[in-house]
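Everything on this sheet refers to the single structure shown next.
The figures that follow rest on heavy atoms only: side chains count, while hydrogens, waters and symmetry mates do not.
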Amino acid sequence: MTDLRTTVVVITHNRRRELLRTLDRLAELPERPEVIVTDNGSTDGTADAVARHHPEARLLRPGRNLGAVGRNLAVREVTTPYVAFCDDDSWWAPGSLTGAADLLDRHPALGSVTARIVVEPQGTEDPIVRELRESPVPGPPWLPGPALGSFLAAATVLRTDAFRKAGGFHPKLWLGGEEELLAADLAADGWWLVYADHLTIHHHASRARDATLRRRHGIRNTLWFTWLRRPVGPALRRTLNLARTVPRDPTSLLAFAEAAAALPWILRERRVLPPEVETRLRLLEPAQRASKARRYTG
């Protein structure tokens, strides 16, 4: 069942044990995908462990922590038509990479396919799966699943060329909701994003994470995306909604301060989305306000 259509890209930072488990699982896949690992400046021996235990994986060592841009670095090396992302604490289920590639082969206007996320070790669905499954975004009748307004990088297969043309992940956003800007730019380029319920990725959340920093970046990045791409009215409405709903603590305050400090950059790079893409985002707003699975802003 070897499938040469998809390359798997993994970024990692100081999670040697989790990464080796992920690479073990990826090496067992019947598709036998090429795997590219970007070690974002780990200091725990991650790179040496990968070279020793998984010499078949291509290892990139930029020498510093690039955040999500580590994925961009890896995609430069990709020669397959499709690229699948997963985190160092997640892995694709057997057959899911082939299933995603089949959908992308079959639908030339499809830019990305997001899989169902199963939380390990419980084996339960991530709460966000229900929101993906019930996405209110309208799409054309040929779509093989619910249309999405964004995607989850750790559970998505994309067209390599579409990713490159859209510019990949923006270096300023680092990590934390960094997908939203790229997803909007993909949609502006004419690509559709879809959820596929029959595809699965497993996520065994690492304990080596700074949840406070991730939440701060998530709030900040949400604000940056909003003012980079949304018209003034919707941008103001979303900003006020965030101000009302995020926890009233120093982390949220710092996130808003960082977002405001970047105003000159925002004004330089601001590019409002096409009306049809903006319409999809407006339809998502009630679901965003009601979400119980928001990873960063709740």
Side-chain angles (χ1 to χ4, degrees), residues 11 13 40 65-71 85 87 89 114 117 126-128 131-132 135 148-156 168-185 187 203 205-273 277-278 280-298:
I11 58 173
H13 177 70
N40 272 330
N65 194 343
L66 300 175
V69 174
R71 300 188 188 112
F85 294 122
D87 285 345
D89 59 357
T114 297
I117 304 167
D126 189 297
I128 204 165
E131 296 181 19
L132 298 173
S135 171
L148 301 179
S150 187
F151 64 88
L152 302 166
T156 298
F169 294 100
H170 198 292
K172 200 169 180 65
L173 272 59
W174 194 252
L175 283 169
E178 72 278 3
E179 304 98 333
E180 197 169 18
L181 179 60
L182 174 58
D185 288 345
H203 180 213
S206 172
R207 295 182 180 180
R209 62 175 60 227
D210 188 337
T212 299
L213 182 64
R214 184 64 67 92
R215 182 164 68 84
R216 187 181 104 205
H217 286 174
I219 296 169
R220 180 201 67 187
N221 290 346
T222 296
L223 291 166
W224 278 351
F225 161 71
T226 298
W227 287 98
L228 281 168
R229 293 291 183 267
R230 306 289 302 274
V232 171
L236 184 60
R237 184 169 61 246
R238 192 176 192 195
T239 300
L240 292 174
N241 181 67
L242 278 176
R244 287 195 301 266
T245 57
V246 297
R248 297 178 180 273
D249 59 16
T251 298
S252 298
L253 182 61
L254 185 55
F256 270 80
E258 288 181 351
L263 182 60
W265 166 68
I266 295 290
L267 294 176
R268 283 196 309 271
E269 295 204 11
R270 180 171 163 79
R271 187 176 72 248
V272 176
L273 293 165
V277 179
E278 171 59 26
R280 295 176 213 166
L281 295 182
R282 291 191 189 192
L283 291 173
L284 275 173
E285 288 179 350
Q288 288 172 333
R289 288 194 293 269
S291 172
K292 294 181 179 179
R294 291 179 297 168
R295 298 168 301 151
Y296 307 119
T297 58

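Residues Leu281 and Leu284 are in side-chain contact: their nearest non-hydrogen atoms beyond the backbone lie under 4.5 Å apart. No side-chain heavy atom of Glu258 sits less than 4.5 Å from a side-chain heavy atom of Leu223. Put simply, the side chain of Glu278 does not reach to within 4.5 Å of the side chain of Val272, judged on heavy atoms.
The shortest non-hydrogen separation linking Trp265 to Leu173 is CH2-CD1, 4.3 Å. Minimum heavy-atom separation, Ala153 to Phe85: O-CB, 2.8 Å. Closest approach of Val277 to Ala184, counting heavy atoms only: CG1-O, 4.3 Å. Across all non-hydrogen atoms, the minimal contact from Thr226 to Thr222 is OG1-O, 2.7 Å. Contact detail for Arg220 and Ala259: the closest heavy-atom pair is CG-N, 4.0 Å. When all heavy atoms of Gly177 and Asn221 are compared, the pair lying nearest together is O-CB, 4.4 Å.
A donor-acceptor pair under 3.5 Å links the side-chain atoms of Thr156 to the main chain of Leu152, judged by distance alone. For the pair Ser252 (side chain) and Pro247 (backbone), a donor-acceptor distance under 3.5 Å is present.
With sequence neighbours excluded, the residues satisfying side-chain contact (heavy atoms from CB on, under 4.5 Å) with Asp210 are Thr212, Leu213. Considering only residues two or more places apart in sequence or on other chains, Arg270 meets the side chain to side chain donor-acceptor pair (under 3.5 Å) condition with none of them. Residues that satisfy the side chain to side chain donor-acceptor pair (under 3.5 Å) test with Glu180, not counting sequence neighbours, are Arg238. Applying the side chain to side chain donor-acceptor pair (under 3.5 Å) criterion to Trp174, with sequence neighbours excluded, gives no partner residue. Take His13 and apply the side chain to side chain donor-acceptor pair (under 3.5 Å) test, not counting sequence neighbours, and it matches no residue. Every residue two or more places apart in sequence or in another chain was checked for a ring-ring contact (aromatic ring centres under 6.0 Å, His included) with Phe225, and none qualifies.
How far CG of Leu132 is from CD1 of Ile128: 5.5 Å, rounded to the nearest 0.5 Å. Annotation: the span from Glu131 atom CD to Leu148 atom CG amounts to 11.5 Å, rounded to 0.5 Å. Separating the CG atom in Asp87 from the NE2 atom in His203 is a distance of 6.5 Å, to the nearest 0.5 Å. Rounding to the nearest 0.5 Å gives a distance of 12.5 Å between CG of Leu242 and CZ of Arg237.
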request  = Dump the intermediate steps for side-chain contact (heavy atoms from CB on, under 4.5 Å) on Leu263 and Trp227, then the final yes or no.
outcome  = CA-CA 9 Å; Leu263 182 60; Trp227 287 98; over 6 Å; no
request  = Walk me through it: do Lys172 and Glu269 pass the test salt bridge (charged side-chain N to carboxylate O under 4.0 Å, His left out)?
outcome  = CA-CA 12 Å; Lys172 200 169 180 65; Glu269 295 204 11; over 6 Å; no
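The only option from Arg71, His170, His217 that meets the side-chain hydrogen bond (donor to acceptor under 3.5 Å, both in side chains) definition with Glu178 turns out to be Arg71.
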